[in-house]
2 protein chains.
Amino acid sequence: MVMTERDFTQPDIEDVALHAVLFALSDPTRLAITRALADGEEHSAGDLAGDIPKSTMSHHLKILREAGITTTRPEGMRCRVSLRRAELNRRFPGLLAAILKNAG
Amino acid sequence: MVMTERDFTQPDIEDVALHAVLFALSDPTRLAITRALADGEEHSAGDLAGDIPKSTMSHHLKILREAGITTTRPEGMRCRVSLRRAELNRRFPGLLAAILKNAG
DNA sequence: GGTTATGTTCTATGGTTCTAGAACACAGCA
DNA sequence: TGCTGTGTTCTAGAACCATAGAACATAACC
């Protein structure tokens, strides 16, 4: 029996494509999640979910993670999600800030 | 017989939603079109098309237009497409610039 | 082990999108 | 009246996506 580690693989920031980031943020639910993460803190999936079913939330978080926008870190029985803000700003200077500024 | 004017309706800039703009620019083809329009000039659809079939091009231009990103003006038998740069910058300050800067 | 809490993965369904051929509409010109 | 160039609309197919219930996996605690 192999102890399978939960897989929260995220792309190397250099491999992130602009159109993938824009697509990930083009969904209102994911944009709202990203706004909530913009405080710089780590949030658990449950905190971010609100009324959204777990499976739907998991789906959206996966897309954000695979687009290079977020990091997910397992901690105990929950997971901690946060923005890859500095990395993203290095890859696409000013992009996330411009989007977040206009997302309010 | 009614002379039907070609319909290049575009939304009022105030009605444009951020997620719609991000979605429109999340397609590599449409992002390339937008980059080509970033010179500030009017381009005909044919000039922008390259290898892309006419119907596909028309589809993408319609999405960009309906997202509030471009204006299409009929001129003779062709149409002139251009960016709504100033309006868009008023609605979402810094957004288009940040995207275009990172689209290269 | 049993139970509970937190998420993921599986699966299905309905809707949307991309692509592109074919037909059509319009402008200009011979 | 045709003919050509430019672009739209119609239509269809394949792929993709959002949603969410059900089952499963993991962690913590008794």
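None of these values were measured; they are calculated from a predicted model. Letters go in sequence order (proteins before strands), and every chain restarts at 1.
Using a 4.5 Å heavy-atom cutoff, the side chains of A:R84 and A:Q10 are in contact. Between A:K101 and B:P93, the closest side-chain pair of non-hydrogen atoms falls below 4.5 Å. The shortest side-chain heavy-atom distance between B:L48 and B:M57 falls under the 4.5 Å cut-off. Taking the side chain as every heavy atom from C-beta outward, A:V81 and A:T71 never approach each other to under 4.5 Å.
The CG atom of A:L61 sits 7 Å away from the P atom of C:dT8 (whole-angstrom rounding). Per the geometry, CG belonging to B:D27 stands 12 Å off P belonging to D:dC17, to the nearest Å. The distance between atom CG of B:L25 and atom P of C:dC18, rounded to the nearest whole Å, is 12 Å. Here the P atom of nucleotide C:dT6 and the CG atom of A:D47 are 9 Å apart, to the nearest Å. Atom NE2 of B:H19 is separated from atom P of D:dC17 by 18 Å (rounded to the nearest Å). For the pair B:I52 CD1 and C:dC18 C1', the computed distance is 11 Å after rounding to whole Å. Distance, B:R80 CZ to D:dG5 P: 18 Å, rounded to whole Å. Distance CE (B:M77) to C1' (D:dT6): 6 Å, rounded to an integer number of Å.
OP1 or OP2 of D:dA18 has at least one side-chain nitrogen or oxygen of A:R30 nearer than 4.0 Å. Note on A:S44: a side-chain N or O is less than 4.0 Å away from OP1 or OP2 of C:dG7. Between A:S55 and D:dG21 there is no side-chain N or O to OP1 or OP2 distance below 4.0 Å. A close approach under 4.0 Å does occur between a side-chain nitrogen or oxygen of B:H60 and OP1 or OP2 of C:dT19. Close to D:dT8, at under 4.0 Å from its OP1 or OP2, lies a side-chain N or O of B:S58.
Within the 3.5 Å criterion, the main-chain N or O of B:F23 finds a donor-acceptor partner in the side chain of B:S26.
Positionally, the nearest nucleotide of DNA chain D for B:K54 lies more toward the 5' end than for the other of A:T29 and B:K54.
Looking at heavy-atom distances under 4.0 Å, A:H59 makes contact with a base.
Distances were taken from every side-chain heavy atom of B:R65 (C-beta onward) to each of D:dT8, C:dT19, C:dG7; the shortest belongs to D:dT8. Here D:dA20 is the nucleotide among D:dA20, C:dT17, D:dT8 with the atom lying nearest to any side-chain atom of A:P53. The listed nucleotides are D:dG7, D:dT19, D:dA18; the one nearest the side chain of A:I63 is D:dA18.
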